[in-house]
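Residues: numbered from 1 along the sequence shown. The analysis underlying the following values was restricted to heavy atoms, covering all of them including side chains, and did not include hydrogens, waters or symmetry mates. Worth saying up front: this structure is predicted, and the values here are computed from it rather than measured.
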Amino acid sequence: MAYELFIGLRYLKAKRKQTFISVITFISILGITVGVTALIIVLSVMTGFEENLREKILGINANVVVTELGGPMRGYKEVSAKALGVPGVVGATPFTYNQAMISAEGGVIGAVIRGLDMETTGSVTVLPEKIKEGSIEGLSPRLGEGQSQAGIIIGRELARNIGVSLGDTVNVISPMGTMTPAGPVPRMAAFKVAGIFELGMYEYDSSMAFISIENAQAFFRMGDAVTGVEVKITDIYDAERVADGIMAEIKGPYWTRTWMDMNRNLFSALKLEKVAMFIILALIIMVAALNIISTLIMVVMEKGKDIAILKSLGATSGGIMRIFMIEGIIIGVTGTLLGTALGLLAALNLETIVQFIETVFQFKVLPPSIYYIDKFPSKVEPFFVVVIALISIGISFLATLYPSWQASRFDPVEGLRYE
């Protein structure tokens, strides 16, 4: 073992008269540990939150939406067929999008009514998988034809708000009414609740309903037109290229929007918040690094006589510098390893920890009416963990330079003058 390593390790164990230095060393390690742990947990939560939100948004919305300039789209069958021929496209379905009011005995609430093509919607959205009661086949009866009532699928929160359940009847009221001699009269139709879905995203579960595209065209007087065509692709991050490919293929008065365009503000804010949290929490590690500096300065002051003796025995300034650098790096590496272990342990079991806290303290950490999600997400990115560990060790190394340099410049004559 090199003497620098031997002495550096020895200096970590203070003598009885130097207990205060050991306490400062422990605090330095604890500071690095807390900083690294907090950084790993926060970035894992924010990464998990972003991915969870993206999955739920893309679960019910398309990766690319094709609409016609100036109004409803009439040649949607041809557009869907051409879109399916573009490389990277795995599904296409027409849709309608209208606003209306839904009333029942429990109250009246505004909602977005989306018309679905039941044959192709499963290739684009996950709605059929998210229906908790009933099924998508319940949408099939035509509005105003036969004895069967036309079906509607509503969100669980919406069903609770207006007090309905599977099989109940609700009234859909369109603000675009019919003109009569007495003035405009709101258009209204009765629908049977054929299904209740739950996406786990409060905004959708409380304000969205689905009917068949034929019933939507009939109720909103759209004729054979639709709002647009939704497209699903294999790689969501390749949406811009696929959208350009669709535009080149369909050639007409159309325009495309990708999921990134439609949710740009939300995901940009999440990314900015992640960067800001990284910087803020990295400051915790820097504060802990200041503890390393103060610890090493105190050790240098305490070990002045030892440094003088080592130099008298032939130790070089570089050797003295390495002794204290080794001591500081050991503090930094120990804190980083402990923080990484605790951070990974907490991040990988965060849902269990949150459930325990909610059970013990009887409160909801993430109320779904406030946040977009119904559970605490966490996703550990190995890249971020490695970067955090390297930054922590790097800051710890930089913190050792000044005290070590000061130790290397120590004059042995001054250290031994009064001995």
Side-chain angles (χ1 to χ4, degrees), residues 60-86 89-102 111-125 127-128 135-154 170-180 184-192 194-195 208-232 243 245-257 262:
I60 200 65
N61 294 303
N63 304 145
V64 178
V65 174
V66 184
T67 54
E68 187 169 335
L69 293 170
M73 179 186 292
R74 300 192 180 279
Y76 61 90
K77 293 180 181 178
E78 183 183 357
V79 171
S80 296
K82 288 183 176 180
L84 286 170
V86 175
V89 174
V90 294
T93 182
F95 74 98
T96 62
Y97 186 98
N98 301 92
Q99 292 182 328
M101 298 184 71
I102 298 179
V112 171
I113 309 295
R114 291 183 60 171
L116 301 179
D117 181 2
M118 291 184 291
E119 295 181 1
T120 58
T121 191
S123 65
V124 176
T125 72
L127 178 66
S135 67
I136 198 169
E137 284 75 20
L139 300 181
S140 56
R142 290 291 186 97
L143 191 64
E145 293 184 7
Q147 299 297 318
S148 299
Q149 227 174 9
I152 186 171
I153 295 175
I154 62 177
V170 297
N171 294 313
V172 177
I173 306 165
S174 170
M176 304 299 291
T178 304
M179 186 60 69
T180 68
V185 177
R187 196 177 306 127
M188 185 169 65
F191 287 82
K192 179 181 178 181
M208 191 168 283
F210 298 89
I211 60 178
S212 70
I213 198 166
E214 295 83 7
N215 288 335
Q217 289 170 332
F219 180 70
F220 292 105
R221 308 287 172 86
M222 299 178 68
D224 192 36
V226 298
T227 303
V229 173
E230 294 181 308
V231 177
K232 185 177 181 180
I246 292 173
M247 286 298 295
E249 188 70 26
I250 58 180
K251 294 189 176 96
Y254 305 107
W255 66 301
T256 58
R257 287 181 298 165
M262 293 183 283

Return the CZ to CD distance between Phe219 and Glu214, rounded to the nearest 0.5 Å.
16.0 Å
For the student: nearest non-hydrogen atoms of Ala62 and Met262, plus distance:
O-CE, 4.1 Å
For Pro128 and Gly122 the tightest heavy-atom approach is CG-CA, 4.3 Å
Can you check whether Gly115's main-chain N or O pairs, donor with acceptor, with Thr96's side chain at less than 3.5 Å?
yes
In terms of heavy-atom contacts, Val124 and Gly91 come closest through CG2-C, 3.7 Å
Is there a donor-acceptor contact under 3.5 Å from the side chain of Thr227 to the main chain of Tyr97?
yes
Value rounded to 0.5 Å, distance of CG in Leu116 from CZ in Phe210:
5.5 Å
Do you know which two heavy atoms are closest between Gln217 and Gly223, and how far apart they sit?
CB-O, 3.3 Å
Between atom CE of Met73 and atom CG of Asp224, what is the distance when rounded to the nearest 0.5 Å?
12.5 Å
Please round to the nearest 0.5 Å and tell me the distance separating atom CE of Met208 and atom CD1 of Ile154.
13.0 Å
Check against side-chain contact (heavy atoms from CB on, under 4.5 Å), Ile102 and Ile113:
CA-CA 9 Å; Ile102 298 179; Ile113 309 295; 4.0 Å; yes
Taking Pro141's backbone N and O only, do any of them form a donor-acceptor pair with Asn215's side chain (distance below 3.5 Å, no angle check)?
yes
Could you pull out the closest heavy-atom pair between Ala209 and Ile152, with the gap in Å?
CB-CD1, 3.8 Å
Quick one: does Ser80's side chain have a donor or acceptor within less than 3.5 Å of a partner on Tyr76's backbone?
yes
Kindly check if the number of other-residue, nucleotide or ligand heavy atoms within 6.0 Å of CE (Met247) is above 12?
yes
I'd like to know if the side chain of Glu68 and the backbone of Pro253 have a donor-acceptor N/O pair within less than 3.5 Å.
no
For Lys232, enumerate each residue passing the side chain to side chain donor-acceptor pair (under 3.5 Å) test, keeping only those at least two apart in sequence or located in another chain.
none
Contacts of Glu78 meeting side chain to side chain donor-acceptor pair (under 3.5 Å) (sequence neighbours excluded), chain-then-number -> Lys82
How long is the gap from OG on Ser212 to CE on Met118, to the nearest 0.5 Å?
5.5 Å
Met101 CE to Ser174 OG distance, which is reported to the nearest 0.5 Å
11.0 Å
Taking only residues two or more places apart in sequence, or in another chain, which ones meet Asn61 in a side chain to side chain donor-acceptor pair (under 3.5 Å)?
Arg114, Tyr204
Closest non-hydrogen atoms of Ala194 and Gly151, given as atom of the first, atom of the second and distance, are CB-CA, 4.1 Å
Could you check Ile211 against Val172 for side-chain contact (heavy atoms from CB on, under 4.5 Å), going step by step and ending with a plain yes or no?
CA-CA 11 Å; Ile211 60 178; Val172 177; 5.8 Å; no
Do Thr121 and Leu127 pass the side-chain contact (heavy atoms from CB on, under 4.5 Å) test, and can you show the C-alpha distance, the side-chain angles, and the key distance before you say yes or no?
CA-CA 8 Å; Thr121 191; Leu127 178 66; 5.5 Å; no
Checking side-chain contact (heavy atoms from CB on, under 4.5 Å) for the pair Phe95/Ile213: CA distance, chi angles, key distance, verdict?
CA-CA 7 Å; Phe95 74 98; Ile213 198 166; 5.5 Å; no
